[in-house]
Enquirer: 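First, the structure itself, so that you have it in front of you.
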There are 2 protein chains.
Amino acid sequence: MAVLWHCQEVTETRTVGAVRQGSLRELNLAVVLRRIASTTRPPSRAEIAADTGLTRATVSAVVDDLIAGRLVTEADPAPRTGAGRPARGLLLGGTGPAGLGLEVNVDYLAACVVDLTGAVRHHEVRRIDLRPLSPADALTGLVDLAGRARAAADDAGLTLAGAALAVPGLVDARGLVRLAPNLGWRDVDVPGLLAGHPALTDPVDGVPPLVVENEANLAALGELHARPGGPESFLHVSGEIGIGAGIVLDGALFRGSRGWSGELGHVPVDPGGPTCRCGARGCLETYAGQEAVLAAAGLAGADLPADTAARRLADLAGSGDPAALAALRAAGTALGVAVAGVVNLLDLDTVVLGGGYATLAQWLCPPVLAELDDRVLTSGWSPVTVRPAALGAESAAVGGAGSVVRRIIARPSGWLSRPQ
Amino acid sequence: MAVLWHCQEVTETRTVGAVRQGSLRELNLAVVLRRIASTTRPPSRAEIAADTGLTRATVSAVVDDLIAGRLVTEADPAPRTGAGRPARGLLLGGTGPAGLGLEVNVDYLAACVVDLTGAVRHHEVRRIDLRPLSPADALTGLVDLAGRARAAADDAGLTLAGAALAVPGLVDARGLVRLAPNLGWRDVDVPGLLAGHPALTDPVDGVPPLVVENEANLAALGELHARPGGPESFLHVSGEIGIGAGIVLDGALFRGSRGWSGELGHVPVDPGGPTCRCGARGCLETYAGQEAVLAAAGLAGADLPADTAARRLADLAGSGDPAALAALRAAGTALGVAVAGVVNLLDLDTVVLGGGYATLAQWLCPPVLAELDDRVLTSGWSPVTVRPAALGAESAAVGGAGSVVRRIIARPSGWLSRPQ
DNA sequence: GCCATTTAATTCAACCACTGAACAAATTGC
DNA sequence: GCAATTTGTTCAGTGGTTGAATTAAATGGC
């Protein structure tokens, strides 16, 4: 009866390439696997069939392929229900492929391994000031961590299916780090430098390619990863020495045409404000960057790692220090102004404060929310949520590793047809 | 030999629902039709097969379906080439489905018909001040235009396959206009009000559903439509009484989670600036909105339609009037500040000035560019292009009609399986 | 304890759409 | 006129889904 119907079926089906015969199975593998990955309670084959509209016969055949490829396992104990033959629950395999997440940051290196279920199976952080080191030396240290991560994966029966490296800077499409100001890197060819290290290039099982990506972007994915039931679209703000943002839309990272999206630190907050090191005036970073906040709190000149600085500030603020409280309020207000612009533009309903901001969320949230309430046109209809990130400093490495397994879940045929 | 490879194959294949048997054909219809739509020179079946990777046999079968559905026709004169049997060119059909674009704005109503090829086959604008009218009366006038557009389509042998209505306000997912400040509308149920009008609801050939959408969003699509070879990602800024923006990413409109994206007018430019009618301080609209610019140019209180106001300003500026020039420079600078934030955040490389701004682009572009050069972090690597919109006031209606035909091209199976 | 009932999963013939090769069609060049 | 060449169609073959029938495994009533 609905003669007039407002439909908004944008991108219902969006396939780029041609659909050959085998693509059918390829696509249905992804459909079924996604369905299995999307819930905590293991679904049965029948349930998947009912949900997706596929036949039970097809689902069985597809699931057989997935089980053969160790992407899925059957739940041992039958989840007890009413009458009838008990369903056999299906869940993501804990022994199949896994993702390797790596991070190079100003004062630490990190590596972690995440399996298909999203569990972090290995995690190692090495504190080290990288600024005095050359990029090649820094990466040598990283290769060391990657090797141990690989060994841990092997021990656990996992096969690394890919790696993602988080870098605090602008990365181009070929993995070249164009600029990482806080590391002092410029035009560093990371894949080239890593090519000599066998642990990342040609180990067991046909090597994983390495993706190099901005740290704030991967940290945002980490948040997506850490809250399975959470929102699929949000802005993740990383407050480090600089301020980066990762934009997640419908569960996918928005990277911009060149992968350089998310430069929130240089969004103008007050066009007549102080001069930023980027040359412009009044960038957010001059108000809410680590240096500015520390200076305002009377801690100027303290050359601290990001998380130490945040913790020091939190301690001061917790003890009621007025300078620290004022500094945080000012930073929160500036952040709120910048984020209000983003929210007005993109119509997001969730903002996540990550990096150093996570530690300080208690003091930052109120002024941010106040600005959002004032400035977001649609805040009257549906308020914006602001909350601290679920993960801390490990966020980017975990997010990177998670992006590898997400890719496998999105397109399992690549893994299944790999050369054994 | 490329052992280490930076891959960024995001969303290579992204299908939401299950893939049933018939979906194969459904998807390939879209693949082939998109290929035909994407070039000016009509491709042959063989060429399509080579490009897409499908077999010539498959392409022939698919093309037969498309021709039967009047989506495609064969080019009459064989495009002469070297040896061999001459190819028969394929082009989009000029007599199949068409899109109906409608617009309700402060001082005019508009309707247009766009066919599959993108040609505007009918266009009518009716100047009328809608502010004193009730929404129902305004829509009655619109139905009138729609009826004539339908008649014109019928005469041309076209079948309207859908309609899109542009409204200068916030529209929710069900087509309810939550707020259209310049029309004085609030919570207007447009589909409900139109339901009684047969010309839009149940005419020939199983009625098209109507999509109600923000005017700035559809205007952005109009730009996409008017420049077939142009960039597929850009920010389109509509300078009217308010300032709206449409964000186009990879050829698709970005609507935000609720369709309320693009509120550029209320992005903060100077947090301590003048109070905006939205309640916040220093919104872009208080610097570059029509009212502010007219006031600064010494034309305060002139209650003009947007395009008249813009033309009046252009005349003044063209004759060297210092107040007008200063007003435009100030507006351009504020616009540049706001847009710089957007570009930093989304990594876009093209900004289109539309609506009244198109007329004034000559004076607005320089200050906008100057701010972008200063404030966009990546401007050193690849500069941002700022240019006037290709279409004028008709942009939103044409963009709406274009969105209907774009949807058909993206998913032709819906049209082909329609009840005859 | 046995059997009807119920739900889950598998098997199998049918069918749909793509595949690959062979073939027919239409033109150029010698 | 004939070989060469390229386009488009025909047709048997095949992969993968479909739908119904069948088997599997549990519950509950008597």
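Proteins get letters first, then strands, A, B, ... in listed order; numbering begins at 1 in each.
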Enquirer: If the condition is salt bridge (Lys or Arg N to Asp or Glu O under 4.0 Å), which residues does B:Arg258 pass it with, not counting sequence neighbours?
Expert: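 Testing B:Arg258 for salt bridge (Lys or Arg N to Asp or Glu O under 4.0 Å), a comparison that skips the adjacent residues, returns A:Asp347.
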Enquirer: Could you list all the side chain to side chain donor-acceptor pair (under 3.5 Å) pairs where at least one residue sits in residues 59-69 of chain B, not counting sequence neighbours?
Expert: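 Residue pairs passing side chain to side chain donor-acceptor pair (under 3.5 Å), neighbours aside: B:Arg25-B:Asp65.
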Enquirer: Taking only nitrogen or oxygen atoms into account, show me every contact under 3.5 Å that the protein makes with nucleotides 1-5 of chain D, one pair per line with its distance.
Expert:
residue : atom : partner : partner atom : Å
D:dT5   : O2   : B:Gly84 : N            : 3.4

Enquirer: So how far off straight is the helix from C:dG1-D:dC30 to C:dC30-D:dG1, going by the axes through five pairs at either end, to 10°?
Expert: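 Inter-axis angle at the ends, rounded: 10°.
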Enquirer: Rounded to the Å, how far apart are B:Glu26 CD and D:dT17 P?
Expert: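 So the two atoms are 16 Å apart, to the nearest Å.
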Enquirer: Return the set of residues passing side chain to side chain contact (heavy atoms under 4.5 Å, CB included) with A:Ala49 (not counting sequence neighbours), or none when no residue passes.
Expert: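 In terms of side chain to side chain contact (heavy atoms under 4.5 Å, CB included), with neighbours along the sequence ignored, A:Ala49 is linked to A:Arg56, A:Val59.
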Enquirer: Going by salt bridge (Lys or Arg N to Asp or Glu O under 4.0 Å), name the residues that satisfy it together with B:Arg35, two or more places apart in sequence or in a different chain.
Expert: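 Salt bridge (Lys or Arg N to Asp or Glu O under 4.0 Å) list for B:Arg35, sorted by chain: B:Glu47, B:Asp51.
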Enquirer: Sequence neighbours excluded, which residues qualify as side-chain hydrogen bond (donor to acceptor under 3.5 Å, both in side chains) partners of B:Glu74?
Expert: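 Per chain and number, B:Glu74 pairs via side-chain hydrogen bond (donor to acceptor under 3.5 Å, both in side chains) with B:Arg45, B:Arg88.
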Enquirer: Applying side chain to side chain contact (heavy atoms under 4.5 Å, CB included), can you list everything that pairs with A:Ile409, at least two apart in sequence or on another chain?
Expert: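 For A:Ile409, the residues satisfying side chain to side chain contact (heavy atoms under 4.5 Å, CB included) (neighbours in sequence not counted) are A:Leu33, A:Ala37, A:Leu92, A:Leu116.
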Enquirer: Whole angstrom is fine here: how far is it from CD in B:Glu74 over to C1' in D:dT7?
Expert: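 Result: 12 Å.
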Enquirer: Which pairs, protein N/O on one side and nucleotides 13-15 of chain D N/O on the other, fall under 3.5 Å?
Expert:
residue : atom : partner : partner atom : Å
D:dG15  : O4'  : A:Gln21 : OE1          : 2.8

Enquirer: How long is the line joining CZ of B:Arg88 and P of C:dA26, in whole Å?
Expert: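 Going from B:Arg88 (CZ) to C:dA26 (P), I get 9 Å.
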Enquirer: Using heavy atoms and a sub-4.0 Å distance, could you list which residues of residues 46-63 of chain B are near DNA chain D? By number, please.
Expert: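 The answer is B:Ala46, B:Arg56, B:Ala57, B:Ser60.
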Enquirer: Taking only residues two or more places apart in sequence, or in another chain, which ones meet A:Thr73 in a side chain to side chain contact (heavy atoms under 4.5 Å, CB included)?
Expert: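 For A:Thr73 the side chain to side chain contact (heavy atoms under 4.5 Å, CB included) partners, ignoring immediate neighbours, are A:Leu91.
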Enquirer: Which residues pass the side chain to side chain contact (heavy atoms under 4.5 Å, CB included) test with B:Ala57, sequence neighbours left out?
Expert: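 B:Ala57: side chain to side chain contact (heavy atoms under 4.5 Å, CB included) contacts with B:Thr55.
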